[in-house]
There are 2 protein chains.
Amino acid sequence: MATHEFVEMFRERCRERGLTFTHQRQVIYQAVMSAKDHPTPEAVYEKVRRRIPSISLGAVYKNINTFIVAGLLKEVSLHHGTLRVDANLGAHHHLVRNVCGSIVDLDEHDVEPARVRTKLPSGFRVERQNVEIVGICESCVRKQSSQ
Amino acid sequence: MATHEFVEMFRERCRERGLTFTHQRQVIYQAVMSAKDHPTPEAVYEKVRRRIPSISLGAVYKNINTFIVAGLLKEVSLHHGTLRVDANLGAHHHLVRNVCGSIVDLDEHDVEPARVRTKLPSGFRVERQNVEIVGICESCVRKQSSQ
DNA sequence: CTAGCTGCAAAGTCTTTGCCAGGAA
DNA sequence: TTCCTGGCAAAGACTTTGCAGCTAG
């Protein structure tokens with residue numbers, strides 16, 4: 001995509017969601033979009049700094065959060081804020097409640113594993129797979145609808 | 001399991017791994033084992049404090065880390081330390097490299113989703129599923145074997 | 001007795017917040 | 001002009017570290 005096209009597309013997405021278009025936002029968004037991996041805010045900051053040396057890390061955080069709230073970006077992990085400890089050493093999967101944050105186990109035998117139909121990067125050795133079934137529990141549904 | 005049995009089992013696990021058995025460790029381990037969800041260090045601390053009021057949060061952190069290194073406990077998320085941003089809004093899955101931490105996308109169509117064969121908690125509404133294929137990449141294998 | 005652990009407090013990350021000057025609409 | 005944003009610095013949350021006294025083996 002040409003730079004001009006990208007800028008216009010971003011301008012349109014900002015308009016749709018009522019966000020002010022700024023140069024900083026455009027560069028931050030492009031930095032995330034062009035990353036193959038899923039960068040940390042620090043990595044985004046380093047990338048943006050090459051084009052806007054005066055950018056602050058705080059602005060990167062603020063805008064990443066703004067974009068997440070606006071639905072322009074997502075977080076990879078639902079529970080990155082704090083360590084979660086697991087005493088279940090066997091293979092198992094997780095049922096994650098995306099509102100209250102509670103995580104409970106699903107036994108390995110209750111989940112038929114996902115199958116990958118594509119070729120993985122050469123030399124990649126699969127050790128295991130984690131499946132997260134993400135949703136909302138009954139009591140959170142009630143709380144939301146009673147608001 | 002009776003308390004006495006549990007203590008002996010834990011004492012044995014400590015012996016196997018060369019860890020000193022202490023009352024604090026035993027209570028911390030039991031607090032995690034008995035939790036249905038996957039508690040945060042803070043939650044473990046609160047639980048342990050009911051039995052050992054003098055326990056410090058630092059001791060809880062130190063021991064959780066000791067247990068993880070010893071293989072007695074695991075972390076739920078491989079990337080909880082910092083936010084990871086995802087610009088791919090469509091359904092997709094992740095290939096996670098557990099040594100270097102890099103995360104790349106797997107297209108939704110390249111993964112046949114997992115299927116849950118058990119009954120989920122009543123009223124739980126599934127929104128999506130995340131599949132993480134976890135392993136080690138070629139360059140990390142080389143680095144490890146050259147050490 | 002010795003090594004290793006505990007509690008305490010200080011320090012270190014990662015992230016958010018408050019403020020004011022400056023830019024977008 | 002009016003509102004919102006950006007940069008800066010301080011504060012806040014989560015976690016680790018250093019140390020002196022105490023406990024397990």
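So you know, we letter chains A, B, ... as the sequences are listed, proteins then strands, and number each from 1.
- Across all non-hydrogen atoms, the minimal contact from A:V60 to A:P41 is CG1-O, 3.7 Å.
- Separating the CG atom of B:L57 from the C1' atom of C:dA10 is a distance of 14 Å, rounded to the nearest angstrom.
- Rounded to a whole Å, the CD atom of B:Q24 is 8 Å from the P atom of D:dA24.
- When each of A:T22 and B:E42 is assigned the nucleotide of DNA chain D with its nearest heavy atom, A:T22 is the one assigned upstream, toward the 5' end.
- Rounded to whole Å, the distance from NE2 on A:H80 to P on D:dT15 is 11 Å.
- Salt bridge annotation for B:E16-B:R13: absent, with no cationic side-chain nitrogen under 4.0 angstrom from a carboxylate oxygen.
- Counting non-hydrogen atoms under 4.0 angstrom, B:L19 reaches nothing in the nucleic acid.
- B:K62 has its NZ atom 14 Å from the C1' atom of D:dT23, to the nearest Å.
- Using a 4.0 Å heavy-atom cutoff across all strands shown, A:S54 reaches sugar-phosphate atoms only and no base atom.
- In this structure, B:F21 places its CZ atom 7 Å from P of D:dG25, rounding to the nearest Å.
- When distances run from any side-chain atom of A:T82 to the nucleotides D:dG7, D:dC14, C:dT15, the shortest one goes to D:dC14.
- Between the C1' atom of C:dT15 and the CD atom of A:E75 lies a distance of 12 Å, rounded to the nearest Å.
- Counting all heavy atoms, side chain and backbone alike, B:V48 lies closest to B:A31 at CG2-CB, 3.9 Å.
- In terms of phosphate contacts, B:N65 brings no side-chain nitrogen or oxygen within less than 4.0 Å of OP1 or OP2 of D:dT15.
- Here A:N63 does not reach the OP1 or OP2 of D:dT5: none of its side-chain N or O atoms lies under 4.0 Å away.
- Other residues, nucleotides and ligands place no more than 12 heavy atoms under 6.0 Å from the CZ atom of B:R115.
- A straight line from OH of A:Y61 to C1' of C:dT15 spans 5 Å, rounded to a whole angstrom.
- Of the candidates D:dT5, D:dG25, C:dC5, the closest approach to any side-chain atom of B:R25 belongs to C:dC5.
- Residue-environment remark: CZ (A:R125) stays at or below the threshold of 12 foreign heavy atoms within 6.0 Å.
- Between B:Q26 atom CD and C:dC5 atom C1' there is a gap of 15 Å when expressed in whole angstrom units.
- Along DNA chain C, the nucleotide nearest B:A59 and the nucleotide nearest B:T20 are compared for position; the residue whose nucleotide lies closer to the 5' end is B:T20.
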